[in-house]
Structures are given as structure tokens and as C-alpha cells.
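The sequence lines fix the lettering, A, B, ..., with proteins before strands; numbering per chain opens at 1.
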Protein chains: 2
Amino acid sequence: MNAASSPEEAVRIASVNVNGIRAAYKRGMQQWLDGRGVDILCLQEVRAPDAVVRSLLGENWHIHHAEAEAKGRAGVLIASRQEPVAVRTGIGDSYFDTAGRWVEMDLEIRGSALTVVSAYVHSGEVGTQKQDDKYRFLDALGERLAALRDGAGHAVVLGDLNVGHTQRDIRNWKGNVKKAGFLPEERAYFDRFLSDGSGFVDVARSLAGDVDGPYTWWSWRGQAFDNDTGWRIDYQLATQDLAARAVSADVDRAPSWDTRFSDHAPLVVDYRI
Amino acid sequence: MNAASSPEEAVRIASVNVNGIRAAYKRGMQQWLDGRGVDILCLQEVRAPDAVVRSLLGENWHIHHAEAEAKGRAGVLIASRQEPVAVRTGIGDSYFDTAGRWVEMDLEIRGSALTVVSAYVHSGEVGTQKQDDKYRFLDALGERLAALRDGAGHAVVLGDLNVGHTQRDIRNWKGNVKKAGFLPEERAYFDRFLSDGSGFVDVARSLAGDVDGPYTWWSWRGQAFDNDTGWRIDYQLATQDLAARAVSADVDRAPSWDTRFSDHAPLVVDYRI
DNA sequence: CATGGTAAG
DNA sequence: CTTATCATG
């Protein structure tokens with residue numbers, strides 16, 4: 001784990017799929033947060049009513065939270081130490097307006113405009129409506145990326161995007177080419193999202209280089225965590241100028257199975273703004 | 001807790017609402033059973049598939065188990081160390097044939113015929129269908145008691161009958177006169193079941209005498225267990241001759257909250273047959 | 001293998 | 001406050 005506060009002139013942004021914030025807090029998420037000096041905390045799969053979320057996170061945040069219509073499902077939020085300029089809910093396709101999968105926050109950081117998006121893409125399941133919904137959501141995500149790229153300020157779209165982009169992003173890629181999360185059609189979306197000219201950079205991959213992982217999700221089942229049989233499906237996709245200002249990207253993999261507070265690990269990036 | 005095996009020439013019959021046999025085993029039911037020398041074990045609210053039940057109880061029982069049609073609900077069984085002469089499922093009213101609330105086992109104990117019934121009466125809820133079902137089940141129970149009384153051998157109808165008979169059977173009877181489990185109409189059934197001429201005796205009451213309790217159920221909530229705010233709703237109703245042969249009736253109240261394996265305590269009776 | 005909601009107790 | 005099931009991940 002890194003220093004307890006972000007470096008001078010840097011903003012620390014963390015993305016975590018908490019898989020139920022109540023369970024995560026029971027398992028020690030607060031201790032992680034206390035030691036991490038996060039400026040902007042972005043969560044996915046919050047799975048709790050707003051009042052519960054606010055009482056868990058405490059008073060010292062400006063929270064923008066979008067619950068799903070279905071109780072106990074999905075839910076995304078952005079919690080900022082600094083007051084936001086604006087907040088929005090919804091990816092632009094009204095079909096997803098009550099899905100609890102997309103929130104945006106505009107901030108002004110030392111004179112620079114920054115838009116942060118916390119996103120939770122569908123898990124999907126081949127041959128079901130869920131997979132259709134996932135593609136439709138990814139379509140909308142592509143459109144929103146283009147609009148953000150064409151905007152004035154910095155932007156970072158982060159969260160659980162539920163797709164492994166390349167063979168380096170999944171431990172057992174050969175066994176998963178027909179599974180939701182590593183389908184060729186899903187991966188092609190990410191080829192487009194991250195192509196030259198897309199205006200966006202996969203910050204963790206850019207800083208880690210051409211290596212396997214680092215993974216951000218491991219099944220609870222079996223020995224997946226202990227064997228590091230994981231998937232890199234949590235991302236921070238930053239506009240080019242912002243990505244160039246990223247000085248570190250860390251996956252806070254827990255030291256052991258029983259110290260995990262979620263099946264996902266936090267992805268923490270420091271941006272020098 | 002009593003001696004580890006039943007006295008010579010006595011048969012030890014235990015009744016327990018386990019509130020889910022899997023949870024009960026996790027909480028240490030096996031240790032209770034190991035130390036108790038039970039000859040005939042009668043369970044209610046088993047709430048598990050037959051294969052799971054048999055693997056938990058092990059090989060050394062003759063088990064007659066009636067699951068409910070609805071998975072994870074109700075379920076009663078009788079497990080005997082000795083091979084039964086016959087087994088039956090169902091109280092006689094076919095409406096309850098798949099309810100998982102009534103099983104019978106005929107045994108021959110040193111030349112005497114003994115019928116054991118494990119019963120799980122509905123909890124009921126005032127003003128709902130559940131209360132109607134409870135009364136209908138109690139009607140059938142009354143008819144079956146009469147038939148057993150008129151039969152040749154000994155009989156004991158035991159289990160979670162979900163009614164407190166008298167003011168001595170509920171800690172807070174005044175607060176519960178309008179609650180299912182202590183309604184005048186429900187209590188009147190027990191007046192009839194246990195009247196002179198009914199042929200049946202409430203063994204635990206008969207041996208305990210005119211005292212408060214001993215209770216057999218305490219809500220999981222609050223301090224009900226620690227304060228002994230309980231209900232006596234688990235019974236062994238024995239035919240007169242058999243009841244006269246009961247030498248002890250013990251409620252195995254756990255020493256502390258966290259050593260309970262169910263919200264009900266076992267009711268263990270030794271019959272000198 | 002975990003999450004939360006649910007019906008039931 | 002606990003049980004098991006359920007849909008979801």
C-alpha cells in the first residue's frame with residue numbers, strides 16, 4: 001500500500017467494486033480507506049440504500065450516488081473530498097437511467113476542469129438478454145467517451161467495465177474466449193475505446209507495460225485468489241493529457257484471502273494536476 | 001444434561017425443532033447428540049434435502065423423513081436406532097400430504113407396540129391463511145389422537161405444536177393473548193387434546209408439576225434467551241399408560257446464547273418400557 | 001463462493 | 001434475529 005496521502009499537486013482517484021458496501025465494511029474496507037489518502041473515491045456495486053451508504057462513508061465526503069431501481073442491485077457512486085462543480089446520472093441512453101451503472105462528477109482541480117465517471121458495465125451472460133444489454137451499454141459508453149474526448153477538460157472513465165481487453169488481462173484467457181468478459185466482440189469495443197484517435201488511454205496498462213495483469217478481480221471460489229487466477233476488468237480510462245499526468249497506478253491486492261473486503265481489488269491512480 | 005445413555009429398560013425419545021439441520025450442525029448439534037444417548041430422535045423444521053440429512057446424521061439410524069414440497073421449508077423426521085415395524089407420512093388430511101409436518105413410526109420395544117409421531121404444527125399468523133391452515137391441521141391432529149388412543153399399543157405424539165397451552169407455558173402470557181400461539185381458540189384445542197378421556201398426557205407438564213415453564217423456545221431477537229423469555233410449545237403427548245412410564249422429561253436448555261444450536265431446545269423423555 | 005432481498009419463523 | 005432459497009455476479 002502507498003503513502004497515506006497523495007503527493008503535493010496530485011489527486012488520488014480510487015476505483016473499487018465493493019460487491020456490497022455493507023459487507024465490504026464488515027470485512028475492513030474502512031481500514032483500507034483510512035490508510036490510503038484518497039481524494040476521489042469511486043465505487044461500483046454499492047448495493048445499499050443511500051442512507052446506509054452515507055452513514056458508512058461518514059460526513060467528510062461530497063457524495064453522488066445512483067442507486068438501481070432494483071433494491072440491492074448494482075449502484076455506483078463518486079465521493080469527493082472537494083465540492084463538485086456539477087454531477088450527472090445516466091450514460092445518455094435512457095434505457096439505463098435507473099440501472100445504477102453510471103454517474104459523473106465535474107470538479108475543478110487547481111484551475112483545471114476534470115470530469116470523473118464511475119461506471120459499472122453489465123457482467124453479461126452469453127445467449128441472454130444480459131449480453132444484449134451489455135452491448136447496448138458499451139455502445140452508449142463509446143458515444144460518451146467520444147463526447148468527453150471532444151470536451152474541454154480532463155476526463156477519466158473508471159470502474160468495473162467487466163471486459164478483459166487483451167490476453168495479458170486474464171490469467172486463463174484460452175479457457176475464456178467463449179465466456180462473457182472475454183468475447184471477441186466485447187474485446188473489439190475496447191480496441192475501439194483505446195485506439196489511436198479515441199483520445200483515451202488505459203492508465204494501468206500504460207504504466208505497467210506489456211506484462212500479465214495486474215488483475216483486479218478474482219472469483220471467491222476455490223483458490224482463484226491465492227493462485228492469482230484473476231481478471232483485469234477494472235480500469236481507469238483517462239483522456240490523453242490526463243493519462244500523461246498519471247504518476248502511479250496501483251492495484252491494492254489484499255495480503256491474504258481473509259483480508260479481502262471484496263472480490264475486486266481497488267485500482268488507485270495518482271494524477272499530477 | 002443427563003447420562004450418556006438411557007437407563008436399562010428405558011427408551012429415550014428426543015424431540016427437537018432444529019430450525020435447519022445444516023445450521024444446527026454448524027452450531028454443534030452433533031456434540032449434543034453424541035453426549036445424549038438418544039434411542040429415537042424426532043426432528044422438526046429439518047429444512048434440507050433428504051440426502052443432506054442422511055449424510056449429517058450418519059449411518060447408524062433408521063430414518064423416516066418427510067420433506068415439504070417447498071424446498072427449504074418445514075420437514076420432519078424420526079430417526080430410530082432400532083429398525084421400525086412400519087412408517088407412515090401424513091396426518092390423514094391429504095391437504096397436508098406434502099407439507100412436511102407429520103411422520104409416524106411403529107416400533108416394537110421389548111414386546112410392546114409403540115407408535116411415535118414427529119409433528120410440526122404451523123406457526124400461524126392471525127388473520128391470514130396460515131391461521132386457517134393451523135386450525136385445519138389441529139383438527140386433523142385431534143382426530144389422529146383419538147385413533148391412536150383407540151389403538152392397541154403405546155403412542156407418543158411429539159414435536160413443535162406451536163401453541164402454549166396454559167399461562168404457565170409462556171413467560172409473557174398477558175402480552176400474547178392476541179398472538180398466534182396463545183390464542184384462546186388454539187389453547188382450547190389443547191384443553192381437548194389433554195382432557196380427561198382424551199387418553200393423552202402432556203408428559204413434561206405432568207412431571208414438572210404446576211410451575212412456570214420449562215420453556216422450549218426463545219426468539220433469537222434481543223435478550224429473550226438470556227432473560228428466559230420463552231414459550232413451552234414443544235411437547236411429548238403420550239397415551240396414559242405410556243405417560244405413566246415416563247421417568248424423566250428434560251429440556252436441554254443450552255448453557256449460553258452462543259452454544260444454542262437452534263431457537264428451540266430439545267425435549268428429552270425416558271420411558272420405562 | 002459471495003452478495004442482498006425475500007418469505008418464513 | 002435466524003433460516004433457506006433466489007437471482008446475480
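- Listed for the R187(A) side chain is no donor-acceptor partner under 3.5 Å among the backbone atoms of F182(A).
- When rounded to the nearest whole Å, the span between CZ of R27(B) and C1' of dA4(D) equals 14 Å.
- A straight line from CH2 of W217(A) to P of dC1(C) spans 13 Å, rounded to a whole angstrom.
- Using modelled atom types, one finds no donor on one side chain facing an acceptor on the other under 3.5 Å when comparing H122(B) with D133(B).
- Between the P atom of dA8(C) and the CG atom of D263(B) lies a distance of 17 Å, rounded to the nearest Å.
- The NZ-C1' distance, from K26(B) to dA4(D), rounds to 10 Å in whole Å.
- Within 4.0 Å (heavy atoms only), R260(B) reaches no atom of the nucleic acid at all.
- Put simply, CD on Q44(A) is 17 Å from C1' on dT8(D), counting in whole angstrom units.
- When distances run from any side-chain atom of A23(A) to the nucleotides dT2(D), dG9(D), dT3(C), the shortest one goes to dT3(C).
- Across all strands shown, N19(B) has heavy atoms under 4.0 Å from sugar-phosphate atoms exclusively, and none from any base.
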Name the pairs: protein N/O against N/O of nucleotides 5-7 of chain D, kept only if under 3.5 Å.
| from | atom 1 | to | atom 2 | distance (Å) |
| --- | --- | --- | --- | --- |
| dT5(D) | OP1 | R22(B) | NH2 | 3.4 |

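- Within the 4.0 angstrom heavy-atom criterion, only backbone atoms of the sugar-phosphate kind lie near Y120(A); the bases stay farther away.
- Comparing I21(A) and S219(A) against DNA chain C, the residue whose closest nucleotide sits nearer the 5' end is S219(A).
- Taking for each of W257(A) and E125(B) the nucleotide of DNA chain C with the nearest heavy atom, the 5'-most of the two is the partner of W257(A).
- The nearest pair of heavy atoms linking L194(A) to H165(A) is CD1-ND1, 3.7 Å.
- Listed by chain and number, the residues in a salt bridge (Lys or Arg N to Asp or Glu O under 4.0 Å) with D228(A) are R253(A) (sequence neighbours excluded).
- Remark: R171(B) fails to qualify as a cation-pi partner of Y215(B) under the 6.0 Å distance and 45° angle criteria applied to the six-membered ring.
- Remark: R260(A) is positioned above the aromatic ring of W257(A), its terminal NZ or CZ atom under 6.0 angstrom from the ring centre and at most 45 degrees off the axis.
- To the nearest angstrom, P of dA2(C) lies 16 Å from CG of N17(A).
- We find that CE of M29(B) is positioned 19 Å from P of dT2(D), with the value rounded to whole Å.
- In this structure, R221(B) atom CZ and dA8(C) atom P are separated by 15 Å, rounded to whole Å.
- The distance between the ring centers of Y95(B) and F137(B) does not fall below 6.0 angstrom.
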